[in-house]
Asker: 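Take this structure, written in C-alpha cells, and hold onto it; I'll ask about it next.
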Amino acid sequence: MAYTALYRKWRPSRFEDVRGQEHIVRTLKNQILSDRVGHAYLFCGTRGTGKTTIAKIFARAVNCEHPVDGSPCNACAACRAIAAASSMNVVEIDAASNNGVDNIREIRDEVQYSPTEGKYRVYIIDEVHMLSPGAFNALLKTLEEPPSYVIFILATTEVHKIPITVLSRCQRYDFKRISNETIADQIARLLREEHVEAEYRAIQYVAKAADGSMRDALSLLEQCISFYYGQQLTYEKVLDVLGAVDTGVFSRLLREIIRQDVAACIALLDEIVAGGRDLGQFVTDFTWYMRNLLLVQTADHAEDALDMSADNLEALKEEAEMLDVDTLMRYIRIFSELSSQIRYAASKRVLIEIALIKLMKPAMETDLEGLHARIRALEERMAKGGVSSGEGGQRTAGEMPALAQGTQSFGGQPPEIQSSGIHSLQGEEEAKVVEIGEAEYEDYERLSRDWNRIVASQGSLIGSLLKGTRISYDPAKGLCILFDNSFNHTTMNIQGRMEALNEELSRQYQKTFKITTKLINAGEPRTKVVKGNRLPGINMDIGVEE
C-alpha cells in the first residue's frame, strides 16, 4: 500500500474530530439537525485551518443516510462514495486551474439535473478568488437562485478579492488560526498513535513554527520524523531539521548587543550561518524573543503568557532589567522591518549584520526614535562624567555627528552650515572655506538640496548606508559624500554601489556625475562650500584688464 502523508492520513472525517474551529462546527451541525441548510457558503481563512476538510465533512453529512448528531456516519453507501471521490453528487473544483467562464457554465448546466442518489448536489470550489471576472458574473445568478438540491461551498484564503455581489449571496464563515496549544495536543495524540516518542518541547516548537496551520504542523512533523526515523524526537533534533536556533543563542546575542560588542555579534552570527540555520527563521525567532522580553517588562503576570521553563524565565527577567522599554521597542521595530526585507533579499547575512549594528549604533538612524536613543545614550554618559574628556569624551563625539544630522531630517539648517562632526556646534570662524567654480557650485547646490529625496528613493540597503550623510566638496576629490560611520563608508564602496549611484544620478539629472566618498573624523573642521570666481584646475584669481 502506498504511503499516505500525515496530514492526509489524519484528516478529520467527522465534525467531532475537527480542532480549533468549534464555532463553525457547532453552527453547521445545528443547521443539519434543524434542516435549515443554506444554499451557498463562503469559507475564508489562512491556509491549513480546515476549510476544505469541513467542506467535505459537510458534503457527506447532508447526504448521509444515517447521520449521528449532525455528523456523517462514514459507513453508509453515500458516505463511502463521497469519501472515495466516486460520488456524482459532490464535485470538487480547483478555481486556480478552472477559472474561466466555460468552466462555470458547465456547472450552471449540470445543476439543472437532480441528484441520482442522496439529497444534495454539493459543489466545493477551492481558491475561488482565482476565478476571472467573467466567471464570477456567470456564477452570480446560479448562486442567487439555485435549485433546492444544490449547495455551493466556496473556499478562499483571500476574501478581499471576492466581489461584493458574491459575498452578499453567501453565508460567510471565518476560520481562525489554530492556537499553538491545540496544535500541540493534536500532534501529541497523533504521535501516540504512530508510536513515535517525542519531547514535549519539540512538539511545542513544531506547533509554534506552524503559525496557526494544522496542515503545516503535520508537514513539519513528518519532516522531522523522517530525518530521525526510529529515534526519539528531541527539541535539539527539531531545531536541526527546521534550521532554527536555540533560545540560548538569542540570550548570548542580546547580551552582546547590550554590551555594544560588534565583533562578538558578528562572530556569533558566523556560528549561526556555519551551523546551517535558516536566516529568515532566525530573524523571526529573535523578534519573538525580544517580544517575550517586552512582555516581561510590561505585564504583571508575564509567566502566564509565556510557556517556558522556570530557568529560561529567570534569564529573561534578568535581561529585561538591562534594557528600558523604549530601547527594546526600537530593537523590535528594526528586526520587524528586517523580516519583511530579508524574504526576497539576495544577501540576507549582510542585511542582518547591518540591523545588528543599528541596534548597537543609534547614530546610524536619523529618525525621531533613533534621535531619542542617542540623546538617552548621551545623558547616561554625562551622568557618568564621560563627556568632557578621555574615552567617554571620544565616544560622545562619535554620537554628536548623527545628532547634528538628525536635526537636518527635521527641517534644520541648510547643507552648507551643517556638519557631521562635533564642530557643527562651533562658530563660523572655525569652518574651512572651499571656493569652487560656478558650474561645480550649481551641481553641489542641486545635489545638496535634493539629497534627502535621493537617499529616500534608494533601496533598503543603500538607503540605510546613506542615512545621515551629506554632500560636500573636497579640493582633491571633487564632489563627495561625507560619512562619519566607517562601516557605512566601507560598505558603500564595495560591490559597485558607488558606480551604480553615479549612473542613477546621471540618468536623473541628464548629466554625467562622478561623486566619491569621504570619511570624516569627529574633530575634523567642517567645510563651507562657496561660489568663487575660479576656473576648474586653475588655482589663481582672475583679473580683468582695463
Side-chain angles (χ1 to χ4, degrees), residues 4-12 17-25 43-56 126-127 155-158 173-194 196-229 232-247 250 276-292 295 305-308 312 335-336 339-340 342-343:
T4 305
L6 289 179
Y7 77 87
R8 294 180 58 200
K9 180 179 179 181
W10 294 97
R11 170 174 277 168
D17 298 332
V18 176
R19 298 288 181 266
Q21 308 297 347
E22 288 77 10
H23 61 299
I24 295 175
V25 167
F43 291 172
C44 47
T46 188
R47 69 188 187 281
T49 51
K51 299 184 296 297
T52 306
T53 296
I54 291 182
K56 291 181 177 181
D126 201 10
E127 300 298 335
T156 179
T157 55
E158 301 184 48
Y173 293 86
D174 290 294
F175 285 66
K176 61 185 180 182
R177 290 179 183 269
I178 305 173
S179 67
N180 292 347
E181 182 180 356
T182 301
I183 295 177
D185 290 344
Q186 182 71 0
I187 290 176
R189 186 181 300 108
L190 180 154
L191 289 176
R192 286 195 296 269
E193 296 291 334
E194 293 284 330
V196 176
E197 294 185 9
E199 291 181 354
Y200 193 63
R201 284 183 68 200
I203 294 174
Q204 285 180 313
Y205 189 84
V206 171
K208 177 185 173 185
D211 194 23
S213 170
M214 186 69 76
R215 184 174 64 236
D216 286 4
L218 297 185
S219 297
L220 293 173
L221 178 67
E222 187 167 33
Q223 184 179 351
C224 296
I225 293 174
S226 299
F227 193 87
Y228 290 102
Y229 181 73
Q232 182 188 24
L233 204 58
T234 64
Y235 177 69
E236 288 74 17
K237 291 176 181 177
V238 168
L239 293 181
D240 284 338
V241 175
L242 302 185
V245 179
D246 186 18
T247 54
F250 297 140
R277 304 309 190 191
D278 181 75
L279 293 180
Q281 187 65 39
F282 160 73
V283 171
T284 301
D285 288 348
F286 189 49
T287 306
W288 271 94
Y289 186 82
M290 293 188 289
R291 168 260 187 190
N292 293 341
L295 280 181
L306 300 175
D307 188 11
M308 58 177 58
N312 287 341
F335 259 71
S336 296
S339 63
S340 61
I342 202 173
R343 186 173 304 171

Asker: Would you please name every residue forming a ring-ring contact (aromatic ring centres under 6.0 Å, His included) with Phe286, sequence neighbours left out?
Answerer: Phe250, Phe335
Asker: With Ser339, which residues qualify under side chain to side chain contact (heavy atoms under 4.5 Å, CB included), at least two apart?
Answerer: Val283
Asker: Using the rule given for side-chain contact (heavy atoms from CB on, under 4.5 Å), can you reason through Val238 versus Leu220, listing the C-alpha separation, both sets of side-chain angles and the distance that settles it, and then say yes or no?
Answerer: CA-CA 9 Å; Val238 168; Leu220 293 173; over 6 Å; no
Asker: So, Thr49 and Thr46: side-chain donor and acceptor under 3.5 Å apart, yes or no?
Answerer: no
Asker: Does Ile178 reach the side chain of Gln21, with side-chain heavy atoms less than 4.5 Å apart?
Answerer: yes
Asker: Quick one: CD1 on Ile203 to CG on Asn180, what's the gap to the nearest 0.5 Å?
Answerer: 13.0 Å
Asker: For the residue pair Gln204 / Arg201, report whether a side-chain donor-acceptor contact shorter than 3.5 Å exists.
Answerer: no
Asker: Can you list everything that forms a side chain to side chain donor-acceptor pair (under 3.5 Å) with Tyr7? Sequence neighbours excluded, please.
Answerer: none
Asker: Can you sort out the partners of Lys9 under salt bridge (charged side-chain N to carboxylate O under 4.0 Å, His left out), two or more places apart, ordered by chain and number?
Answerer: Glu194
Asker: Give a yes or no on whether the backbone of Arg47 and the side-chain of Ser213 come within a donor-acceptor separation of less than 3.5 Å.
Answerer: yes
Asker: Could you pull out all residues at least two apart from Arg192 that satisfy side chain to side chain donor-acceptor pair (under 3.5 Å)?
Answerer: none
Asker: Just verifying a value: how many Å separate Ile187 CD1 and Arg189 CZ, rounded to the nearest 0.5 Å?
Answerer: 11.0 Å
Asker: Does the side chain of Tyr228 reach to within under 4.5 Å of the side chain of Val241, using non-hydrogen atoms?
Answerer: yes
Asker: So which heavy atom on Ala198 is nearest to which on Leu191, and how close?
Answerer: CB-CD1, 3.6 Å
Asker: For side-chain contact (heavy atoms from CB on, under 4.5 Å), just list the numbers for Val196 and Leu221, CA-CA rounded to whole Å, side-chain angles, deciding distance to a tenth of an Å, and then say yes or no.
Answerer: CA-CA 11 Å; Val196 176; Leu221 178 67; over 6 Å; no
Asker: What's the separation between atom CE in Met290 and atom OG in Ser336, rounded to the nearest 0.5 Å?
Answerer: 7.0 Å
Asker: Is there side-chain contact between Val206 and Leu233, with heavy atoms separated by less than 4.5 Å?
Answerer: no
Asker: Using the side-chain contact (heavy atoms from CB on, under 4.5 Å) rule, take Asp17 and Arg11 through it: C-alpha gap first, then chi angles, then the decisive distance, then the call.
Answerer: CA-CA 9 Å; Asp17 298 332; Arg11 170 174 277 168; over 6 Å; no
Asker: For Met214 and Thr182, work out which heavy atoms get closest and say how close.
Answerer: CE-O, 4.4 Å
Asker: Looking at His23 and Tyr173, would you say the former's side chain and the latter's main chain have a donor-acceptor pair under 3.5 Å?
Answerer: no
Asker: So, taking the atom named OG1 in Thr284 and the one named CD1 in Ile342, what distance separates them when rounded to the nearest 0.5 Å?
Answerer: 8.5 Å
Asker: Residues two or more places apart in sequence or in another chain: which of them pass ring-ring contact (aromatic ring centres under 6.0 Å, His included) with Phe175?
Answerer: Phe43
Asker: Taking everything shown except Trp10 itself, do over 12 heavy atoms lie less than 6.0 Å from its CH2?
Answerer: yes
Asker: Within the side chain of Lys56, is there an N or O that forms a donor-acceptor pair under 3.5 Å with the backbone of Pro12?
Answerer: no
Asker: Rounded to the nearest 0.5 Å, what separation is found between the CD1 atom of Ile54 and the CD1 atom of Ile24?
Answerer: 5.5 Å
Asker: Measuring from Thr52:OG1 to Glu127:CD, what's the distance to the nearest 0.5 Å?
Answerer: 7.5 Å
Asker: Kindly check if the number of other-residue, nucleotide or ligand heavy atoms within 6.0 Å of CD (Glu181) is above 12?
Answerer: no
